Amino acid sequence: MGTTRRAGLAAAALLVGLLGAGCAGDPRPYPPTGVDQLVIPTPSPQPSDFVATVDNAWFPVVPGTRWVYDGPGGRVARTVVATTGPVVAGVRTSALRTTVPLSAGQSLTTTDYYAQDRAGNVWWFGRAGQWRVGGTIGAGLAMPAHPRRGDGFVMAAAGGFDVRGVTVDTARRWQGTLGSTRRAVVLEVVRDGVAEVETFAPGLGMVRDGETGLVAIHQPRS
């Protein structure tokens with residue numbers, strides 16, 4: 001596979017503090033995962049390495065799905081809709097269109113493109129109007145197939161757009177408006193030096209982002 005040619009060590013600086021704190025009382029080694037074999041960001045994704053559907057349990061992007069999140073005070077903080085995305089660098093993508101309400105009835109919409117490789121890793125292929133994979137811009141890793149606590153990776157690095165992630169937990173219980181799960185994946189995501197904590201539940205995708213939580217999900221019938 002074009003995305004598994006050599007081991008990639010990304011976001012090493014981010015990991016130093018987290019690993020030092022997280023492993024002090026836990027000497028157990030963590031087994032290798034697919035992240036150990038990935039080049040991140042991958043400079044030249046091969047279309048044959050990717051599948052048609054993004055169905056990673058932690059990061060599903062199934063066209064027709066709609067997520068609604070609220071924030072403090074119960075107001076709608078944003079709505080996310082999954083659609084079919086464009087072909088980027090020869091790879092068919094799926095898209096997430098995020099709409100954030102602003103004041104005076106206005107809103108801000110951004111659309112991001114993702115694709116999943118044959119191993120189940122989800123890659124970030126671009127944001128409409130800002131950047132796309134191609135030339136010197138590689139695809140960043142949005143979600144590993146098998147998240148492992150302590151792994152760090154570049155999510156996006158393109159023309160001043162710098163996003164990096166670290167998996168800080170893979171066994172946290174999540175409870176929210178829609179119920180609860182016995183296991184959730186927690187990422188610390190650093191965007192241009194500002195850190196945010198995002199929580200992902202199996203089958204739902206992102207269920208919490210800072211003070212913003214998932215309150216409704218509408219999935220297409222199979």
Side-chain angles (χ1 to χ4, degrees), residues 11 14 41 54 56 58-86 88 93-115 122-134 137 139-143 153-169 172 174-181 184-220:
L14 285 172
V54 180
N56 179 300
W58 308 106
F59 201 101
V61 188
V62 179
T65 306
R66 180 172 177 265
W67 297 262
V68 179
Y69 300 84
D70 73 358
R75 71 183 189 282
V76 173
R78 67 173 174 269
T79 302
V80 182
V81 177
T83 64
T84 300
V88 179
T93 67
S94 296
L96 288 179
R97 186 176 68 245
T98 302
T99 301
V100 178
L102 302 176
S103 59
Q106 301 297 309
S107 63
L108 174 66
T109 298
T110 56
T111 302
D112 296 287
Y113 309 131
Y114 300 94
V122 180
W123 298 82
W124 193 358
F125 269 67
R127 172 168 289 182
Q130 296 190 35
W131 67 278
R132 287 193 184 194
V133 170
I137 300 175
L141 185 65
M143 179 64 71
F153 43 88
V154 175
M155 302 180 79
F161 200 83
D162 184 12
V163 185
R164 298 167 187 263
V166 176
T167 306
V168 297
D169 203 342
R172 183 174 300 183
W174 169 77
Q175 184 167 2
T177 302
L178 301 182
S180 63
T181 62
V185 167
V186 181
L187 300 183
E188 181 182 72
V189 179
V190 180
R191 294 179 174 85
D192 298 322
V194 179
E196 299 175 348
V197 175
E198 299 179 353
T199 303
F200 299 80
L204 298 176
M206 189 169 69
V207 293
R208 191 150 197 87
D209 178 8
E211 295 184 342
T212 300
L214 181 68
V215 293
I217 182 171
H218 307 278
Q219 298 171 309

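Predicted model, so just to flag it, every value in this text is computed and none were measured.
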Value rounded to 0.5 Å, distance of CZ in R164 from CZ in R191: 13.5 Å
Interatomic distance, L214 atom CG to L178 atom CG [nearest 0.5 angstrom]: 5.0 Å
Close side-chain approach of L187 to T167, heavy-atom, < 4.5 Å: yes
CD on E188 to CG on D169, rounded to 0.5 Å: 12.5 Å
Which atom of A157 lies closest to which atom of V154, heavy atoms considered: CB-CG1, 4.0 Å
Stepwise side-chain contact (heavy atoms from CB on, under 4.5 Å) test for V215 and Y69: CA-CA 5 Å; V215 293; Y69 300 84; 5.9 Å; no
Separation of N56 CG from F200 CZ (nearest 0.5 Å): 10.0 Å
Residues which pass ring pair (Phe, Tyr, Trp, His ring centres under 6.0 Å) with F59, listed by chain and number, not counting sequence neighbours: Y114
pair W67-L96: side-chain heavy atoms closer than 4.5 Å: yes
Nearest heavy-atom neighbours spanning F125 and A139: CE1-CB, 3.9 Å
Closest non-hydrogen atom pair between A95 and V61, with its separation: O-CG1, 3.7 Å
Could you list the donor-acceptor pairs under 3.5 angstrom formed by side chains in residues 201-213, with sequence neighbours left out?
| from | atom 1 | to | atom 2 | distance (Å) |
| --- | --- | --- | --- | --- |
| R208 | NE | G210 | O | 3.2 |
| R208 | NH2 | E211 | O | 3.4 |
| D209 | OD2 | R78 | NH2 | 3.2 |

Residue pair D192 / G160: nearest heavy atoms and the distance that separates them: OD1-O, 3.5 Å
Any side-chain heavy-atom pair of T109 and R97 under 4.5 Å: yes
Shortest non-hydrogen separation from A77 to P101 and the atoms involved: O-CD, 3.2 Å
Heavy atoms from other residues, nucleotides or ligands near CZ of R127 exceed 12 (cutoff 6.0 Å): yes
Nearest non-hydrogen partners of W124 and G126, listed with the distance: NE1-O, 3.1 Å
Under 3.5 Å donor-acceptor, T93 side chain and P86 backbone: yes
Audit row: R66, T79, side-chain contact (heavy atoms from CB on, under 4.5 Å) steps and yes/no: CA-CA 7 Å; R66 180 172 177 265; T79 302; 3.6 Å; yes
